[in-house]
Amino acid sequence: MDTHATGMKDELVIAGKPYASRLLVGTGKYRDFDETRRAIEASGAQIVTVAIRRTNIGQNAGEPSLLEVLPPDRYTILPNTAGCYTAQDAVRTLRLARELLEGHALVKLEVLGDAQSLYPNMPETLAAAKTLVGEGFEVMAYCSDDPIMARQLEELGCVAVMPLASLIGSGMGIINPWNLQIIIDRVKVPVLVDAGIGTASDAAIAMELGCDGVLMNTAIAKAQDPVRMARAMKLAVEAGRDARLAGRMPRKPYEASASSPQAGTITPQL
Amino acid sequence: MTAPVRIVLNGAPREFPASLTFSQLLDELALAGRRLAIERNGEIVPRSRFAEAAIADGDNIEVVIAVGGG
């Protein structure tokens with residue numbers, strides 16, 4: 001489908017709301033708020049994740065807050081449950097987030113299994129998803145790249161499933177494209193790769209596989225030049241999406257095919 | 001003479017000479033007007049109730065904000 005020629009919009013639709021950008025970015029690990037703001041602007045992302053944390057009591061009373069740098073009227077703020085190890089803590093955190101963001105329903109659920117791998121605890125994730133969906137939250141769920149888990153999250157009413165490409169913050173790229181492919185083929189809600197992207201080609205490959213979007217934080221924030229990497233990721237996601245929609249040529253591992261005419265050369269034909 | 005109110009605020013013990021509404025508590029903590037959310041004993045305290053609801057002895061209170069995260 002030539003979306004450029006037809007003028008049709010190729011939007012990512014999550015919980016009924018369209019987004020022009022398929023790149024979602026985190027806001028952690030930046031040097032300061034100015035770098036955060038510039039990188040996120042360069043990424044073109046419309047959905048940005050934030051964490052919910054205790055405020056420092058009696059300190060830094062006058063300092064700016066993240067939501068002044070990333071105003072919720074300009075960005076869709078996606079509160080996460082990073083650091084939660086139980087369904088109960090994740091649900092509490094997101095109830096606080098909803099109050100903080102004045103009734104905002106779209107959330108990123110992640111329930112971690114252990115502090116070393118940050119691998120998701122899927123039984124707790126499923127339990128939390130069930131409660132949250134019941135309370136009217138629109139849940140985007142970080143999950144293992146297990147197709148059955150992804151299907152169960154969808155059946156519970158999650159608005160997107162977000163399997164890991166590799167461990168959070170590892171930058172190891174997509175270590176199991178085959179599992180991702182199964183999830184993409186079998187799940188109807190948007191599938192976003194969340195975690196493990198290291199560089200632009202990883203993001204492009206995720207989109208070429210057919211992912212609906214990519215969520216990343218460290219790959220941008222911990223690049224030598226985060227603002228430039230943010231732009232690279234924007235272009236990679238767009239390039240990967242276009243390549244997916246264009247439909248790649250078939251792979252022909254044992255058969256070369258010249259691009260220039262065979263006839264009319266000034267050299268003898270072999 | 002009112003009894004002092006001992007609470008746990010963001011994991012640390014705090015004592016106030018008397019009970020305060022949540023609005024007064026935020027004033028006291030220099031947090032008034034900030035975009036934040038409050039939980040008391042595991043339950044959300046809606047912003048609309050900050051002016052009337054008051055802290056009570058033994059409360060476990062969490063005051064949270066949005067910070068950078070992925």
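Just so we're on the same page: letters track the sequence lines, and every chain starts at 1.
- With a threshold of 4.5 angstrom between heavy atoms, A/Gln88 does not approach chain B through any atom at all.
- When side chains are defined from C-beta on, B/Pro46 counts as touching A/Glu99, because their heavy atoms get closer than 4.5 Å.
- With chain B as the partner, the residue from A/Pro79, A/Gly28, A/Gly26 showing the most heavy-atom pairs under 4.5 Å is A/Gly28.
- In this structure, CZ in B/Arg35 is found 10.5 Å from CG in A/Leu66, a value given to the nearest 0.5 Å.
- Counting heavy-atom pairs under 4.5 Å between each of A/Asn217, A/Thr218, A/Thr36, A/Thr49 and chain B puts A/Thr49 at the top.
- Electrostatic pairing of A/Arg95 and B/Glu43 does not count as a salt bridge here, judged by no charged N lying under 4.0 Å from a carboxylate O.
- Using a 4.5 Å cut-off between heavy atoms, A/Leu67 contacts chain B through its side chain alone, with no backbone atom that close.
- B/Asn10 contributes no side-chain N or O that, together with a main-chain N or O of A/Asn56, makes up a donor-acceptor pair within less than 3.5 Å.
- With a 6.0 Å radius and a threshold of 12 heavy atoms from other residues, nucleotides or ligands, B/Gln24 has its CD atom above the threshold.
- Proximity to chain A at a heavy-atom threshold of 4.5 Å picks out B/Glu62, B/Val63, B/Val64, B/Ile65, B/Ala66, B/Val67, B/Gly68, B/Gly69, B/Gly70 from residues 59-70 of chain B, in numerical order.
- Residue with the most contacts toward chain B among A/Val50, A/Val48, A/Thr55: A/Thr55 (heavy-atom pairs, distance under 4.5 Å).
- In this structure, the portion of B/Leu9 lying under 4.5 Å from any heavy atom of chain A is its side chain and not its backbone.
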* After noting the C-alpha distance and the side-chain angles of A/Glu102 and B/Arg47, does the key distance pass the salt bridge (charged side-chain N to carboxylate O under 4.0 Å, His left out) rule? -> CA-CA 9 Å; A/Glu102 284 146 21; B/Arg47 188 162 321 160; 3.1 Å; yes
Under 3.5 Å, which donor-acceptor pairs do the side chains of residues 222-231 of chain A form with other protein atoms, sequence neighbours left out?
residue	atom	partner	partner atom	Å
A/Lys222	NZ	A/Lys29	O	3.4
A/Asp225	OD1	A/Val227	N	3.3
A/Asp225	OD1	A/Arg228	N	3.1

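- Here the CD1-CG distance, from A/Ile57 to B/Leu31, works out to 5.5 Å after rounding to the nearest 0.5 Å.
- From B/Glu39, atom CD reaches atom OG1 of A/Thr93 across 8.0 Å, with rounding to the nearest 0.5 Å.
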